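Keep in mind that this is a model prediction, so the values were computed, not measured. Note that ligands are numbered from 1 as they come in the structure, with each ligand's atoms numbered from 1 the same way.
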Amino acid sequence: MLAQRANLIRSSGTATARAAAKAAAEAGKEVIDLTAGEIWSNLAPGIRDGAIEAINRGINRYTDTIGVMELREALARKISLDTGQTWKAEEVAVTSGAKQALFNAAMVLLNPGDEVIIPAPYWTTFPAQVLIAGGTPVFVDTRHNGYVPRVADIKAAVTDRTRAIVINTPNNPTGAVYDVPTLLGVADFAVNRNLWIIFDECYGDFVHGHHTHHPITSIIPEVRSRTLIVNGFSKSLALTGWRIGYIAGLKEVINAVNAFQSHTTSNPNVIAQHAVLAHLQCGDGGYQSRLRSQLASARQIGLNVLSSLKRVRVPKAAGGFYFYLDLSHLLQPATGIGGLTTTDDIVDSLLSDAGVAAVSGTTFGDPTGLRLSYGIPPEKLRIGLSRLVEVLNGWE
Ligand code: PLP
């Protein structure tokens with residue numbers, strides 16, 4: 001009945017986990033939902049005022065396909081500050097969330113059969129979009145290196161068909177923040193082998209402890225012409241529903257994105273564009289620093305609770321707002337206690353026995369992991385993680 005393409009992909013695993021949590025809550029269960037890829041927060045004042053002003057000014061028409069010029073200029077200034085390089089508006093396209101930026105990148109860069117290297121565990125949309133574009137995802141396991149890819153492993157995965165490498169730092173789901181030698185090695189290799197780098201830095205504002213986020217184009221300037229920077233405001237401004245992201249790269253690529261987007265969604269929502277523009281023009285950074293301290297404190301609360309885990313290592317949680325647990329010690333070998341042997345089973349059991357919703361690592365190509373979001377109110381987080389620790393510690 002459906003096209004072959006429709007059989008290539010399934011609905012995102014994180015969405016399915018969210019739906020299971022919602023269904024349990026609707027069935028009357030008291031559920032603490034640690035599945036969300038978003039932060040609980042009020043709206044940034046600049047966003048609210050910018051949106052209201054745009055509505056009051058009667059702004060309601062199509063904009064240029066890849067966004068109003070003032071917003072592209074403001075984004076170019078932001079990227080210039082982020083990277084320490086000069087970026088121009090013609091090198092930036094505004095998209096309906098970073099997800100569309102990534103989709104555009106896949107559609108304008110990949111030919112059928114092209115391979116794209118994706119470090120695993122991975123955010124589930126990366127391989128799905130590569131498949132939709134006719135490409136082949138090739139995974140590089142990072143689990144034995146603290147969830148940071150070894151450059152040697154990336155090199156070993158490259159073939160004549162390799163076209164691009166996806167670099168997502170800080171990483172969803174693992175929270176890993178890639179260090180300079182790794183980025184340097186990948187960038188250098190991409191330049192030498194003429195590979196594209198799709199650099200997703202959506203969580204770049206959230207790094208913890210001594211970690212620093214490094215935009216890859218700042219590491220080796222030569223890699224800039226091979227890099228597409230993908231970012232957005234869903235995470236950094238807790239603005240998931242407003243759907244504003246962007247992609248930055250060579251003018252020729254942005255022109256192709258413009259043509260492609262003109263036949264798919266056209267411009268991102270006009271009010272949301274003006275809201276983000278107002279924020280970029282008038283925001284004093286106060287909202288972001290409040291968001292960062294909210295997350296830093298949630299992370300600390302979470303790590304304190306998780307430190308009581310007996311057979312699971314406390315996660316590093318270097319970036320983003322996820323705790324990523326390695327459950328491999330709990331999974332081997334089948335203990336016979338209830339026959340629970342996979343992370344999917346553990347997730348089911350956490351939901352039914354403890355009312356805690358989490359995302360299984362299988363969603364991210366890792367049968368041993370578990371992702372817990374800490375972007376929720378602190379009291380709920382404390383209760384949810386305490387229940388989780390109790391369940392996991394009972395797993396003998
Ligand atoms: N990239 C990563 C790594 C993500 O985790 C997400 C959302 O979860 C996105 C991109 C997409 O964000 P959005 O489309 O909401 O901007």
Taking only non-hydrogen atoms of Asn168 and a 4.0 Å limit, the atoms of ligand 1 in range are 3 (C)
Just by distance, no angles: are the side chains of Asn171 and Thr174 close enough, under 3.5 Å, to form a donor-acceptor pair? yes
Contact with ligand 1 for Phe233, non-hydrogen, under 4.0 angstrom
no
Quick note on ligand 1: atoms under 4.0 Å from a heavy atom of Gly97 include exactly 14 (O), 16 (O)
Ligand 1 atoms nearer than 4.0 angstrom to some heavy atom of Cys202 are 1 (N), 10 (C)
The protein heavy atom nearest to atom 7 (C) of ligand 1 is Lys235 NZ, 3.0 Å
For the hydrophobic clusters of this structure (ILVMFWY residues joined by side-chain heavy atoms under 4.5 Å, transitively), does one cluster hold both Val191 and Leu228? no
Tell me whether Asp200 has any N or O atom under 3.5 angstrom from an N or O of ligand 1. yes
Between ligand 1 and Ser96, is the shortest N or O to N or O distance under 3.5 Å? no
*Short N or O distance, Ala98 and ligand 1, threshold 3.5 Å exclusive*: yes
Exercise for the section: Mind running side chain to side chain donor-acceptor pair (under 3.5 Å) on Thr240 and Ser234 for me, showing each step along the way? Expected result: CA-CA 4 Å; Thr240 35; Ser234 286; 5.6 Å; no
| Does Thr35 offer a backbone N or O that forms a donor-acceptor pair with the side chain of Asp33 under 3.5 Å? | yes
The protein heavy atom nearest to atom 14 (O) of ligand 1 is Arg243 NH2, 2.7 Å
Whether the Gln85 and Thr217 side chains hold a donor-acceptor pair (N or O, under 3.5 Å, no angle test) is what I'd like checked.
yes
re atom 11 (C) of ligand 1, the protein heavy-atom contact at minimum distance is Trp123 CH2, 3.6 Å
Going through the distances and angles, do Glu91 and Arg224 end up as a side chain to side chain contact (heavy atoms under 4.5 Å, CB included)?
CA-CA 11 Å; Glu91 297 170 297; Arg224 176 168 167 178; 3.2 Å; yes
Q. Would Lys316 and Tyr147 satisfy side chain to side chain donor-acceptor pair (under 3.5 Å), going step by step from the backbone distance to the final call?
A. CA-CA 10 Å; Lys316 226 173 168 182; Tyr147 301 116; over 6 Å; no
I want to check a possible cation-pi pair here: Arg371 against Tyr322, using under 6.0 Å from ring centre and within 45° of the ring axis as the test. yes
**Report entry** Geometric N/O contact Gln100 with ligand 1, under 3.5 angstrom
**Finding:** no
